[in-house]
Amino acid sequence: MKKSFDSPWVRDNIGDYRNELDLLLKSAQMRAYKGGQPVYIQGERSRTFYFLLRGKVKISIFREDGSEKILAIQEGNTFFGESAAFDDQPYFATATVLEPSEIYVVSRDALSRVIRETPSIAFMLMNALIRKMRLLAFQVEDLSFLDAQKRVVHILLKLVHELGVEKEDGLHIQKRITHDDLARLTGLSRVTVTNVLNYLEKVNILKKRRCSLTITDHERLVNLLGGGLSGEEENL
DNA sequence: TCATTAACAGCGG
DNA sequence: CCGCTGTTAATGA
């Protein structure tokens with residue numbers, strides 16, 4: 001078994017389905033989006049879904065008071081809004097473009113047409129959907145069972161696994177991530193995230209600069225998470 | 001006890 | 001100037 005490192009930072013949904021993707025995108029329309037624009041909003045009904053070719057999109061759930069739970073941050077070669085391809089329920093989340101992006105718009109009708117000719121296109125989408133389902137399930141697990149410190153530790157492990165780069169002083173997370181981002185990803189308050197990060201720095205597990213983190217002692221970070229997570233590898 | 005909200009000050013790009 | 005961070009006080013489960 002592998003550790004549950006599926007990161008909310010989603011970077012490729014395609015895998016071995018290059019040909020299927022090309023066929024699908026032939027019947028899609030490309031649009032350019034500026035940063036800050038919404039692609040769709042929670043509650044909207046639509047018969048179109050999206051493929052992010054290049055750029056960055058945030059998928060999140062907002063409440064009336066403005067608080068936000070980030071479900072995923074997606075970069076190039078990923079699908080989003082897939083629910084609209086399959087049923088008539090409104091979108092359950094909001095998709096916001098974070099930087100200038102090129103996005104293909106695919107209609108449900110076009111999808112069912114190309115699936116009839118090339119059924120493996122359906123498997124491509126199922127593959128993307130299952131990966132997101134797993135990602136969401138792991139977030140539900142953390143929200144249900146982990147305390148604040150472990151939630152921060154786990155998101156750090158996921159991010160470092162997905163985005164980590166070896167540096168002289170440790171594993172560096174090569175993305176601009178604020179304490180606020182971590183709070184919205186983990187369902188914690190910013191104060192709590194800052195406190196945990198300060199503690200981890202005090203005990204020499206990581207170094208932080210503004211918007212940047214370096215893990216200097218990965219092993220002890222893993223130990224802080226402790227056992228008990230499903231899918232976690234046993235080292236006997 | 002642990003975490004949250006609100007508020008504010010200092011830092012720095 | 002504005003966004004990010006560190007910190008405190010008050011409040012709640």
Side-chain angles (χ1 to χ4, degrees), chain A residues 4 7-11 33-39 41-42 55-75 93-101 135-165 167-218 220-230 232:
Chain A
S4 52
S7 165
W9 213 288
V10 182
R11 292 205 293 178
Y33 285 79
K34 295 171 188 167
Q37 278 184 289
V39 179
I41 292 176
Q42 197 173 333
K56 192 191 285 186
V57 171
K58 176 179 71 177
I59 312 298
S60 49
I61 291 174
F62 287 95
R63 290 196 306 184
E64 296 280 341
D65 65 3
S67 59
E68 174 187 20
K69 173 67 179 78
I70 299 177
L71 302 178
I73 293 173
Q74 303 193 194
E75 294 185 344
T94 296
T96 313
V97 176
L98 296 181
E99 60 186 43
S101 301
L135 184 156
L136 291 177
F138 285 144
Q139 292 190 50
V140 171
E141 181 181 21
D142 283 11
L143 290 166
S144 304
F145 301 128
L146 298 191
D147 62 20
Q149 177 176 289
K150 285 181 175 172
R151 284 196 225 166
V152 175
V153 168
H154 201 197
I155 194 73
L156 291 177
L157 288 173
K158 288 173 175 178
L159 291 176
V160 104
H161 182 257
E162 182 72 26
L163 308 167
V165 175
K167 287 275 187 89
E168 322 77 57
D169 50 349
L171 284 164
H172 185 66
I173 297 174
Q174 287 286 73
K175 295 284 172 187
R176 188 174 181 282
I177 296 174
T178 69
H179 298 185
D180 217 13
D181 295 333
L182 294 175
R184 292 160 190 265
L185 280 164
T186 53
L188 298 165
S189 70
R190 184 186 65 79
V191 175
T192 300
V193 170
T194 301
N195 288 338
V196 173
L197 291 178
N198 286 344
Y199 168 75
L200 293 175
E201 181 164 61
K202 199 178 73 187
V203 297
N204 297 315
I205 285 179
L206 58 79
K207 285 180 189 169
K208 56 187 169 53
R209 272 168 255 163
R210 99 176 342 218
C211 304
S212 116
L213 290 170
T214 303
I215 309 301
T216 53
D217 193 339
H218 188 268
R220 277 169 65 223
L221 190 63
V222 172
N223 289 339
L224 278 183
L225 192 52
L229 273 186
S230 75
E232 190 171 355

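Since the model is a prediction, treat every value here as computed from it, not as a measurement. Only heavy atoms go into these numbers, but all of them, side chains included; no hydrogens, no water, no symmetry mates. Lettering of chains follows the sequences in order, A, B, ..., and the numbering in each one begins at 1.
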>> Given A:Lys158, which partner from the list A:Leu163, A:Asp142, A:Val153 fulfils the side-chain contact (heavy atoms from CB on, under 4.5 Å) test?
In response: A:Asp142

> So which of A:Asn195, A:Val191, A:Leu197 actually passes side-chain contact (heavy atoms from CB on, under 4.5 Å) with A:Val193?
Replying inline: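 For A:Val193, the side-chain contact (heavy atoms from CB on, under 4.5 Å) check succeeds only for A:Leu197.
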
So do [Y] and [X] actually touch side chain to side chain, heavy atoms under 4.5 Å?
X: A:Glu75; Y: A:Lys175; answer: yes
X: A:Lys202; Y: A:Asn198; answer: no
X: A:Ile155; Y: A:Pro8; answer: yes

Measure from the side chain of [X], starting at C-beta and using heavy atoms only, and say which of [options] lies closest.
X: A:Arg210; options: B:dT5, C:dC4, C:dG6; result: C:dC4
X: A:Ala148; options: C:dC4, C:dT7, B:dA3; result: B:dA3
X: A:Leu188; options: C:dC4, C:dT7, B:dA3; result: B:dA3

Spacing of [X] atom [atom1] relative to [N] atom [atom2], expressed in whole Å:
X: A:Leu200; N: C:dG6; atom1: CG; atom2: P; result: 12 Å
X: A:Gln149; N: B:dC2; atom1: CD; atom2: P; result: 11 Å
X: A:Arg209; N: C:dC4; atom1: CZ; atom2: P; result: 18 Å
X: A:Leu182; N: B:dT4; atom1: CG; atom2: P; result: 13 Å
X: A:Asp142; N: B:dA3; atom1: CG; atom2: C1'; result: 17 Å
X: A:Arg190; N: C:dG3; atom1: CZ; atom2: P; result: 14 Å
X: A:Asn198; N: C:dC4; atom1: CG; atom2: P; result: 17 Å
X: A:His179; N: B:dA3; atom1: NE2; atom2: P; result: 17 Å

> So what does A:Ser189 touch, heavy atoms closer than 4.0 Å: a base, only the sugar-phosphate, or nothing?
Replying inline: base

> Quick one: is A:Arg176 getting a side-chain N or O under 4.0 Å of the C:dC4 phosphate, OP1 or OP2?
Replying inline: yes

> If only side-chain N and O atoms of A:Lys208 are considered, is one of them under 4.0 Å from the OP1 or OP2 phosphate oxygen of C:dG6?
Replying inline: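 For C:dG6, OP1/OP2 do have a side-chain N/O of A:Lys208 under 4.0 Å.
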
